[in-house]
Amino acid sequence: GSMTSITYSALDDLIAILHNGWGGSGDAGREPLFQKAWERRSVGFGNDTREVVFITPRQENIQYFGLYGSSFFHDLSVDLDIRSYYNEERHNIIVKEVLRIIKANIRGSTTFPYTDLRVTASYSRSEMMRNMYNHIISVSYRKTDP
């Protein structure tokens, strides 16, 4: 296997997983915008009440395994930065739905051939914000080389 970064394909996978799973709990409502951090557009101004999830890769650790270090195991940390401008109840519904989808996709599949997807941290930053509810969910996305 080659030691190529999985960062870009992993973020695409995460967005597709969230998009495909959205609304599975019934009361999730309209799905938020899922945006890679570097595609960030200014949102939340004027009458824009659409929730946004900014997806930011934090770090990628590549570990060797197998004979002669010929195979690689990628462990990518990703932050899901959930922002809502409407109200706290709506914000909590969004956070719960994101967590539900991630937990439902712990193991990869034929469509998304990763090893596992786990929540490593989940915390609110709302008290630091004005007119915005904010929650960070950190996940670990692990995959072996294709």
Side-chain angles (χ1 to χ4, degrees), residues 1 3-65 71-146:
M3 217 171 83
T4 52
S5 168
I6 61 159
T7 300
Y8 297 102
S9 62
L11 297 194
D12 287 338
D13 281 1
L14 262 173
I15 289 171
I17 288 164
L18 289 165
H19 177 70
N20 293 347
W22 197 262
S25 68
D27 64 347
R30 176 176 72 162
E31 78 177 57
L33 285 170
F34 299 113
Q35 280 190 357
K36 295 171 193 159
W38 58 87
E39 293 172 352
R40 179 177 301 214
R41 297 189 289 276
S42 63
V43 290
F45 297 104
N47 56 8
D48 183 1
T49 55
R50 181 94 181 252
E51 299 84 10
V52 188
V53 179
F54 291 116
I55 301 178
T56 310
R58 287 292 167 217
Q59 64 195 48
E60 181 176 331
N61 296 318
I62 300 171
Q63 294 150 345
Y64 303 90
F65 71 94
S71 301
F72 302 97
F73 192 64
H74 303 258
D75 187 348
L76 178 67
S77 299
V78 181
D79 280 355
L80 306 177
D81 181 342
I82 302 168
R83 299 183 178 200
S84 314
Y85 306 91
Y86 184 55
N87 65 35
E88 193 169 11
E89 185 189 8
R90 175 71 186 133
H91 178 70
N92 291 336
I93 288 171
I94 299 285
V95 171
K96 272 167 49 182
E97 182 70 355
V98 169
L99 286 168
R100 183 196 68 76
I101 294 168
I102 291 168
K103 288 171 183 172
N105 287 277
I106 289 175
R107 294 271 168 259
S109 61
T110 356
T111 324
F112 303 110
Y114 56 86
T115 311
D116 58 29
L117 176 65
R118 296 167 300 140
V119 173
T120 56
S122 175
Y123 57 94
S124 170
R125 291 198 312 191
S126 294
E127 59 281 353
M128 295 157 51
M129 311 291 176
R130 275 177 63 134
N131 307 325
M132 183 174 85
Y133 299 95
N134 183 220
H135 193 98
I136 307 289
I137 296 171
S138 299
V139 299
S140 153
Y141 176 102
R142 299 194 303 174
K143 187 172 191 171
T144 54
D145 267 1

Okay, side chain of Asp79, backbone of Pro57: is any donor-acceptor separation there less than 3.5 Å?
no

For Asn20 and Phe112, what are the C-alpha separation, side-chain angles and deciding distance, and is it a side chain to side chain contact (heavy atoms under 4.5 Å, CB included)?
CA-CA 12 Å; Asn20 293 347; Phe112 303 110; 4.0 Å; yes

Interatomic distance, Lys36 atom NZ to Thr56 atom OG1 [nearest 0.5 angstrom]:
12.0 Å

Looking at Arg100 and Gly21, would you say the former's side chain and the latter's main chain have a donor-acceptor pair under 3.5 Å?
yes

Check whether any side-chain heavy atom of Asp81 sits under 4.5 Å from a side-chain heavy atom of Ile136, and report yes or no.
yes

Test side chain to side chain contact (heavy atoms under 4.5 Å, CB included) on Glu31 and Glu97 and set out the steps.
CA-CA 10 Å; Glu31 78 177 57; Glu97 182 70 355; over 6 Å; no

A side-chain contact here means heavy atoms from C-beta on lying under 4.5 Å apart; do Arg83 and Arg125 qualify?
yes

Given Ile82, Ile94, Ile93, the one that forms side-chain contact (heavy atoms from CB on, under 4.5 Å) with Glu51:
Ile94

Which class fits the ring pair His135 and His91: parallel under 30°, tilted 30 to 60°, perpendicular over 60°?
tilted

Can you tell me how far apart CG (Asn134) and OG (Ser124) are? Round to the nearest 0.5 Å.
7.0 Å

For Asp13 and Tyr141, what are the C-alpha separation, side-chain angles and deciding distance, and is it a side chain to side chain donor-acceptor pair (under 3.5 Å)?
CA-CA 10 Å; Asp13 281 1; Tyr141 176 102; 2.5 Å; yes

For Ser140, run the side chain to side chain donor-acceptor pair (under 3.5 Å) check against Thr115, Asp75, Asp116 and tell me which one passes.
Asp75

